Amino acid sequence: MKTIVRAGTLLSALLVAAPAFAQDLTFWSWRQEDRAAYEQFIDTFEAANPGITVKFETFEATNYNTILSTALAGGTGPDVMMVRAYGGLENVAVAGYLEELTTESVPALANFAEPALAAESVRADGKIYAVPFASQTQLVIYNSKIFADNGIEEPQTWDDLMAASQKLKDAGIIPFANGTATAWQNETVTFGLGSSLMGKAFYDELMAGTADFTDARFTSALASVNELAQDYFPDGFIGLDYPSAQQLFSSGMSAMFVGGSYELATFKAQNPDIEMGVFAAPGKTAEDAKLVGLYFDGGYSVNAASPNKEAAITFVNYLASPEFGQAFANTLNNISTIPGVTFDNPLLAEVNDLNKSSIPYLMLAHFRYGEPSGSVLIQGEMQKLFSGETTPEAIGEALTTGLAAWYEPFKK
């Protein structure tokens, strides 16, 4: 709270001057669970900008994109909105619904990292349409007390990970809590466990167009992930949904959870006494780079048709400020993309360090720009693999062939 209060005394010098007449802004989000924090942030902004009020409205996350697009198309959308990144951004930006943001309208954009800005830009022209708000990291979260009680250290190789899992299983502890009945968890598990096995060289060649998903580095990673899941995920994991898997971990019944850094706050809320650590799932050898999967979660945009555009730009400047970024990190226990933010939470600081050795969370960052999307394909194919209905090699063919419908480098 101190950070938020302090931010209010500093913002006047940083923000674009507020309009001389009162303006009421609407601000839409899918982050229903963050309402209390955003209302605090808005109070700070309003105190520094008399004459502007902000009404925060949230919607169910799964349907948010449809709700937002429908409202924008009908001319009833919000003044300021949270938007998805990558392909999710392009859907609304290319349609002309979003105001282009520049370093003239939002000077702080000049300091953001290029990958963060790229996630909120249209590929065709590189124009920016949102202020990035958070990065997320796909990794392994573990119960540090369970590890210590069983004499287990963070694994340095894939064999170490398998051996630690077996030791936990022998002790009557479920090694991994994950289930895959919730479709998107198949994708999380694949790249949260498999990024180091695939390796940065594979990623670089995939992006250069000299490799595709039939590459043995990719298919062998899928085979290893499947082997681990069959032996060390909960019994019947293909029928275990996401909330149930979360409860298995937060209750202490399981030692590890493959997921995003966004899970840390959830687990702490579910069990304030839980002690956690994080690590990048290792590669085959100790010499292999330990890579987490990194992506940018979304951004703050201005409605191109807003009747309150000046006030909306003022608010977005606040959302791009270091003071907001620090309050965001401290209050929501999330990694702000704003440069210069520090992390009071040691786990977040550790995640931030792990991000220095990463590859993008593959399907979200690069293969959600067309139909079928890479995420839909990998989620369905991995569920079939876990069920014994396909092979890693067949998945490589299915991904490459399916994405060739719109992804130019895969077209023969």
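The analysis underlying the following values was restricted to heavy atoms, covering all of them including side chains, and did not include hydrogens, waters or symmetry mates. Note that the structure is predicted; figures quoted are calculated from it, not measured.
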K.L.:
Take atom CG in Asp235; do more than 12 heavy atoms of anything else shown fall under 6.0 Å from it?
P.N.:
no

K.L.:
Of all heavy-atom pairs between Met253 and Ile173, which one has the smallest distance, and what is that distance?
P.N.:
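Between these two residues, the closest heavy atoms are O-CG2, 4.0 Å.
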
K.L.:
Considering residues at least two apart in sequence or located in another chain, which fulfil the side-chain hydrogen bond (donor to acceptor under 3.5 Å, both in side chains) criterion with Glu57?
P.N.:
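Here no residue qualifies.
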
K.L.:
Can you find a side-chain donor-acceptor pair between Asn63 and Glu60 that sits under 3.5 Å?
P.N.:
yes

K.L.:
Ring centroid separation for Phe176 and Phe257, is it under 6.0 angstrom?
P.N.:
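Distance test on ring centres: not under 6.0 Å, no.
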
K.L.:
For Glu397, give me all partners under salt bridge (charged side-chain N to carboxylate O under 4.0 Å, His left out), at least two apart in sequence or on another chain.
P.N.:
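Checked Glu397 against salt bridge (charged side-chain N to carboxylate O under 4.0 Å, His left out); zero matches.
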
K.L.:
Distance-only check: which donor-acceptor pairs under 3.5 Å involve side-chain atoms of residues 66-76, not counting sequence neighbours?
P.N.:
| residue | atom | partner | partner atom | Å |
| --- | --- | --- | --- | --- |
| Ser69 | OG | Asn65 | O | 3.0 |
| Thr70 | OG1 | Thr66 | O | 2.8 |
| Thr76 | OG1 | Ala71 | O | 3.4 |

K.L.:
So, for Leu228 and Phe233, which heavy atoms are closest and what is the spacing to 0.1 Å?
P.N.:
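Taking every non-hydrogen atom into account, CD2-CE1, 3.6 Å.
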
K.L.:
If we ignore angles and hydrogens, is there a donor and acceptor under 3.5 Å between the side chains of Thr285 and Asp288?
P.N.:
yes

K.L.:
Residues in ring pair (Phe, Tyr, Trp, His ring centres under 6.0 Å) with Phe249, at least two apart?
P.N.:
Phe267

K.L.:
Under a 3.5 Å cutoff, is there a donor and acceptor pairing between the side chains of His366 and Tyr295?
P.N.:
no

K.L.:
Does any pair with a residue in residues 369-378 pass side-chain hydrogen bond (donor to acceptor under 3.5 Å, both in side chains), and if so which ones, sequence neighbours excluded?
P.N.:
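As it turns out, the side-chain hydrogen bond (donor to acceptor under 3.5 Å, both in side chains) pairs with a partner in residues 369-378, which skip direct neighbours, are Glu187-Ser375, Arg368-Ser375.
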
K.L.:
Does either side chain, that of Lys284 or that of Ser224, offer a donor lying less than 3.5 Å from an acceptor on the other one?
P.N.:
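Short answer, yes.
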
K.L.:
Test ring pair (Phe, Tyr, Trp, His ring centres under 6.0 Å) on Tyr242 and Trp184 and set out the steps.
P.N.:
CA-CA 9 Å; Tyr242 175 55; Trp184 64 271; 4.6 Å; yes

K.L.:
Would you say that more than 12 heavy atoms from the other residues, nucleotides or ligands in this model lie under 6.0 Å from the CD of Glu153, or not?
P.N.:
no

K.L.:
With sequence neighbours excluded, what pairs up with Tyr129 under the ring pair (Phe, Tyr, Trp, His ring centres under 6.0 Å) test?
P.N.:
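Residues passing ring pair (Phe, Tyr, Trp, His ring centres under 6.0 Å) with Tyr129: none at all.
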
